[in-house]
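Residue numbers begin at 1 in each chain, while the letters A, B, ... track the order of the sequences.
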Amino acid sequence: MSERPVRVRFAPSPTGPLHIGGVRTALYNYLLARKLGGTMILRIEDTDQNRFVPGAEDYIRQSLEWVGIELDESPWKGGPHAPYRQSERKPIYREYADQLIRDGYAYYAFDTPEELDAMRERLQAAKVPNPQYNSITRTQMRNSLTLPENETQALLDAGAPYVIRLKVPRKEEIRFQDLIRGWVVVHSSAVDDKVLMKSDGMPTYHLANIVDDHLMEISHVIRGEEWLPSAPLHVLLYRYLGWEKTMPQFAHLPLLLKPDGTGKLSKRDGDRLGFPVFALEWHGTDPETGEPTVSRGYREDGYLPEALVNFLAFLGWNPGTSQEIFSMPELIEAFSIDRVSKSPAKFDVAKAKWYNEHYLRAKPDAELAPYLLAALGEHGIECSAEKAAQVVGVMKERVSFPQDFWQEAKYFFEAPTEYDQAVIAKKWNAQVSAALGAYADALPADSEPSANAEVLKSIFNQTMEAQGLKPGQVLQALRVAVTGAGAGPDLFETLAILGTGEVAQRLRAARERLG
RNA sequence: GGUCCGUUCGUCUAGGGGUUAGGACAGUAGAUUUUCAUUCUACCAACAGGGGUUCGAUUCCCCUACGGACUACCA
C-alpha cells in the first residue's frame with residue numbers, strides 16, 4: 001500500500017516558540033524521511049490570524065537548523081508544491097469546501113456564537129453526555145440543512161456570516177490503522193460536525209491539513225497523540241473528498257509529560273522546574289501584562305545540539321540494543337517507526353545533562369575553545385586560541401556545559417584574590433610556605449620551552465626532598481596558592497598552562513598574604 | 001461527564017507464555033586519582049490490582065484502578 005514515495009511533513013503553527021515536543025516530532029519525521037530515502041517537508045499552519053506571533057516562523061526555522069533537521073521543501077526553500085504557508089493557499093481550500101457541499105458532505109451554518117453557547121448550555125442542562133454540534137443537534141440549528149433552500153440562498157446572497165461544517169454521519173464506525181497503536185475505532189456519534197471553513201473565509205486546521213497533505217502527496221502523518229481524537233474526522237474527510245486510497249498512514253506519537261506530577265509538558269514547566277522547554281531562547285511578551293519575557297533555550301543553557309537530539313530521540317523510541325549514543329546519521333540508520341513506544345515519557349533533564357557531558361568530552365578541544373574565548377572576550381581578557389584549547393582540554397572532563405569553562409577555570413586568566421580556607425587551615429604552615437618559596441625560586445624562566453608538566457613535577461619533587469617534605473604534604477597548598485581553589489584538573493598540567501613566571505609570581509603573592 | 005489512548009526499577013526503556021525480568025540515567029558504596037572530577041567495579045531498585053485462558057502468566061483476554069489526550073469559527 002505504500003509503494004509510493006515517502007513524503008513526510010512537520011506542520012507547526014507560528015503561534016509562539018517551537019516547543020521541545022515539537023522538535024521531537026520534527027525529528028521523528030526527519031529520521032523516517034531520511035531512513036526511507038524520502039522527502040522532509042515543512043508547512044506553516046497559520047490559518048488562525050488571531051494567534052499569529054511575529055518572529056515565531058523564523059524561530060521555528062532557526063530551531064530546526066540548530067538541531068540539524070534539514071528541510072527538503074519549505075516556505076523558505078520552496079518546492080514543487082509551493083506555497084508552503086497555508087495563509088498563502090487560502091483559495092485552494094475554498095474549492096474543496098464547495099466540493100463537499102456539492103456532494104452533500106458539508107453544509108452552511110449561520111449560527112451566531114451566542115446561539116452556539118445557548119445550545120451547549122441547553123444540552124448541558126439536559127445532561128446530554130457529550131454536548132456537541134452533531135447529527136442530532138444540527139436539526140435544531142440554523143443551517144442549510146434546516147433552512148429552506150431559498151432562505152439559505154438569500155442569507156448567502158445577503159452576505160450573512162456563516163461557516164461550513166462537515167456533515168458527520170449519525171451511526172457509522174470509523175476505523176483506521178495507526179502505525180504505533182494498531183487499529184483505532186471510533187463511532188461517528190462521538191465526532192461532531194466540525195467547522196471546516198471559518199466565517200473569515202479561512203479553513204480550519206482540519207480541512208487545510210487534509211487538503212494540503214493530499215496535494216503535497218504526504219505518505220505518512222507523524223504527529224503528537226493530541227491529534228488522535230480528531231484522526232477519525234480526518235479519515236472521514238479523506239473519504240468524502242474521494243482520496244481514501246491515497247490517504248497517508250498515521251502515526252500518533254506518545255506525549256512528553258512533565259517530569260514531576262503529571263500532564264503534558266507545557267511551556268510554563270520550564271520556568272517552574274528550572275529547565276528549558278525550548279530549543280532556543282525566546283523573547284516574547286506576557287499576554288496579560290504586555291511585559292517582555294525571556295524563555296530559556298537549550299542552546300543558551302549550553303546544550304550541544306547533538307546531545308539534545310540524542311536525548312530527544314530516546315524519549316519514545318529506542319533501537320532495541322544497548323547502544324545509547326547515536327549521532328544523527330546513526331539515528332537515521334537505526335530508526336524505525338515500529339520501535340516507537342505507545343506510552344508517554346516523562347521529561348527528565350538529568351539524562352539530557354548526561355548526554356551533554358558525553359558529547360562535550362567527545363568534542364575536540366579546538367571546537368570547544370570558542371566557547372571559552374567568547375566568555376573571555378566578555379570579560380575583556382585576551383587569550384590565544386591555543387591557550388584556550390589547552391584550558392578547555394584539561395577542563396572538559398569535569399564540566400557539564402561550555403559556560404562552566406569560564407566559571408571553573410577563571411584562575412587560568414586571573415590570579416586568585418582569595419584562597420579556599422578549608423584547605424589553608426589544614427595544609428598551610430610556615431614550613432610548607434617556605435617550601436613553596438623554594439619551589440618558586442627553582443622554577444625555570446618562562447621562556448623555557450621544556451617547562452612542561454613532567455618537568456615541573458620533577459622539579460617539585462626534588463625541591464620537596466631538599467626541604468625534607470613529602471610531596472603529599474605540600475601539593476594541596478601549592479594548588480590553593482596558585483589557583484585559590486581546593487580542586488581542579490591535574491596540578492602540574494595546570495601549572496604548565498599557566499607558565500612558570502606566572503606560577504612563581506602567584507606563589508610569592510600567596511606567601512605574602514598567607515604568611 | 002463523554003470519546004479515545006496508555007500502565008515493567010525514581011526516570012528513559014528491553015523483553016515477552018516457563019528468564020536470576022536486561023541496559024542506561026539518577027542514587028549509594030568501593031577502586032584508581034596528591035585533591036575534586038573523570039574512569040572502572042559493585043549495590044539499590046520494577047511487571048498497578050482483580051478475575052479468567054493455560055500445566056504455567058509480567059507476557060494473551062476481560063474488568064477495575066490510576067494516568068493522559070481530546071471535547072472552540074486554536075492548531
**Item:** Derivation of the salt bridge (charged side-chain N to carboxylate O under 4.0 Å, His left out) call for Glu45(A) and Arg43(A)
**Value:** CA-CA 6 Å; Glu45(A) 309 230 324; Arg43(A) 184 174 68 227; 2.8 Å; yes
**Message:** Run the salt bridge (charged side-chain N to carboxylate O under 4.0 Å, His left out) test on Lys167(A) and Asp193(A) for me, step by step, so that the C-alpha distance in whole Å, both residues' side-chain angles and the decisive distance to 0.1 Å come before the verdict.
**Reply:** CA-CA 6 Å; Lys167(A) 192 176 162 192; Asp193(A) 286 2; over 6 Å; no
**Request:** Mind running salt bridge (charged side-chain N to carboxylate O under 4.0 Å, His left out) on Glu88(A) and Lys90(A) for me, showing each step along the way?
**Result:** CA-CA 6 Å; Glu88(A) 294 168 13; Lys90(A) 192 173 168 183; over 6 Å; no
**Request:** Report the C-alpha separation of Arg272(A) and Asp260(A) in whole Å, then their side-chain angles, then the decisive distance to 0.1 Å, and conclude whether the salt bridge (charged side-chain N to carboxylate O under 4.0 Å, His left out) test is met.
**Result:** CA-CA 11 Å; Arg272(A) 189 171 59 82; Asp260(A) 66 341; 3.0 Å; yes
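Nucleic acid contact for Arg181(A): sugar-phosphate only, since backbone atoms but no base atoms lie under 4.0 Å from a heavy atom of the residue. Across all strands shown, Lys127(A) has no heavy atoms under 4.0 Å from either base or sugar-phosphate atoms. Among the protein residues, Pro161(A) comes within range of no part of the nucleic acid, since none of its heavy atoms lies under 4.0 Å from any strand. At the heavy-atom level, Arg223(A) lies nowhere under 4.0 Å from the strands shown. Contacts of Gly486(A) with the nucleic acid, taken as non-hydrogen atoms under 4.0 Å apart, include base atoms. If you check every strand for non-hydrogen atoms under 4.0 Å, Gly316(A) touches sugar and phosphate atoms only. Counting non-hydrogen atoms under 4.0 angstrom, Asp490(A) reaches a base of the nucleic acid. Across all strands shown, Thr47(A) has heavy atoms under 4.0 Å from sugar-phosphate atoms exclusively, and none from any base. Within 4.0 Å of Pro471(A), counting heavy atoms only, lies no atom of the nucleic acid at all.
For the P atoms, the distance from rA24(B) to rC66(B) is 35 Å, rounded to whole Å. When the P atom is used for both rG50(B) and rA31(B), the distance is 44 Å, rounded to whole Å. Going from the C1' atom of rU19(B) to that of rC47(B) covers 13 Å, rounded to whole Å. Atom name C1', nucleotides rG6(B) and rC25(B): the rounded distance is 23 Å, in whole Å. For the C1' atoms, the distance linking rG23(B) with rU3(B) amounts to 38 Å, nearest Å. Taking atom C1' in both rC9(B) and rA14(B), one finds a spacing of 13 Å when rounded to whole Å. Separation of the C1' atoms belonging to rA69(B) and rC74(B) is 16 Å when rounded to the nearest angstrom. Annotation: rA26(B) and rA37(B) have their P atoms spaced 13 Å apart (nearest Å).
Between the CG atom of Asp348(A) and the P atom of rG27(B) there is a distance of 11 Å, rounded to whole Å. One atom, CE of Met395(A), and another, P of rU38(B), lie 13 Å apart when rounded to the nearest Å. A straight line from NZ of Lys346(A) to P of rU8(B) spans 10 Å, rounded to a whole angstrom. Atom CD in Glu45(A) sits roughly 7 Å away from atom C1' in rA75(B) (whole-Å rounding). One interatomic measurement links the two molecules: CG of Leu475(A) to P of rU35(B), which rounds to 9 Å at whole-angstrom precision.
Contact check, Ser13(A) against rC74(B): no side-chain N or O comes under 4.0 Å of OP1 or OP2. For the pair Ser341(A) and rU13(B), the criterion of a side-chain N or O lying under 4.0 Å from OP1 or OP2 is met. For rU71(B), the OP1/OP2 oxygens have no side-chain nitrogen or oxygen of Lys194(A) closer than 4.0 Å. Here Asn130(A) does not reach the OP1 or OP2 of rU71(B): none of its side-chain N or O atoms lies under 4.0 Å away. At the phosphate of rU38(B), neither OP1 nor OP2 sits under 4.0 Å from any side-chain N or O atom of Arg361(A). Proximity of Arg120(A) to the phosphate of rG1(B): no side-chain N or O atom is located under 4.0 Å from OP1 or OP2.
Environment of CD in Glu418(A): sparse, with no more than 12 heavy atoms of neighbouring residues, nucleotides or ligands closer than 6.0 Å.
For Val186(A), whose side chain is taken as the heavy atoms from C-beta onward, the closest listed nucleotide among rA69(B), rC4(B), rG1(B) is rC4(B). Comparing rC73(B), rA69(B), rA75(B) by their nearest atom to the side chain of Pro229(A) picks out rA69(B). In the set rA75(B), rU35(B), rC73(B), the nucleotide with an atom closest to the side chain of Leu116(A) is rC73(B). Comparing atom distances between the Leu315(A) side chain and each of rC12(B), rC4(B), rA75(B) picks out rC12(B) as nearest. When distances run from any side-chain atom of Glu226(A) to the nucleotides rA69(B), rA14(B), rC73(B), the shortest one goes to rA69(B). Closest to the side chain of Glu225(A), from the set rA75(B), rG68(B), rU35(B), is rG68(B). In this structure, of rC73(B), rG10(B), rU35(B), it is rC73(B) that holds the atom nearest to the side chain of Val195(A). Residue Trp354(A) places its side chain closer to rC25(B) than to any other of rC25(B), rU3(B), rA75(B).
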**Message:** Protein within reach of the bases, or only the backbone? For nucleotides 61-66 of chain B, mark each nucleotide 5' to 3' as B, S or -, using heavy atoms under 4.0 Å.
**Reply:** ------
**Request:** Summarise protein proximity over nucleotides 41-46 of chain B in one line of letters, 5' to 3': B for base, S for sugar-phosphate only, - for none, counting protein heavy atoms closer than 4.0 Å.
**Result:** ------
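Nearest-nucleotide positions on RNA chain B place Trp183(A) closer to the 5' end than the other of Leu491(A) and Trp183(A). Each of Val185(A) and Lys198(A) has a nearest nucleotide on RNA chain B; the 5'-most of these lies closest to Val185(A).
Evaluation of atom-type donor-acceptor distances gives a pair under 3.5 Å for the side chain of Arg51(A) against the base of rC74(B). The base of rA26(B) lies outside donor-acceptor range of the side chain of Lys351(A), with no N or O pair under 3.5 Å.
For Tyr205(A) and Asp48(A), the side-chain atoms include no donor-acceptor pair closer than 3.5 Å.
Note that OG of Ser74(A) and CD1 of Ile60(A) are 11.5 Å apart. Values are rounded to the nearest 0.5 Å.
Here Phe335(A) and Tyr28(A) bring their ring centres to under 6.0 angstrom of each other. Annotation: Phe311(A) is in aromatic contact with Phe347(A) [ring centroid separation under 6.0 Å]. Ring pair Phe492(A)/Phe460(A): centre-to-centre distance below 6.0 Å. Checked against the 6.0 Å centroid criterion, the rings of Tyr371(A) and Phe405(A) do not qualify as a close aromatic pair.
Across all strands shown, rC70(B) forms a Watson-Crick or G-U wobble pair with rG2(B), both key distances being under 3.5 Å.
Figure legend: Arg165(A) and Tyr133(A) shown as a cation-pi pair, the cationic atom lying under 6.0 angstrom from the six-membered ring centre and within 45 degrees of its axis.
At a threshold of 4.5 Å between non-hydrogen side-chain atoms, the residues Lys346(A) and Asp348(A) do not count as touching.
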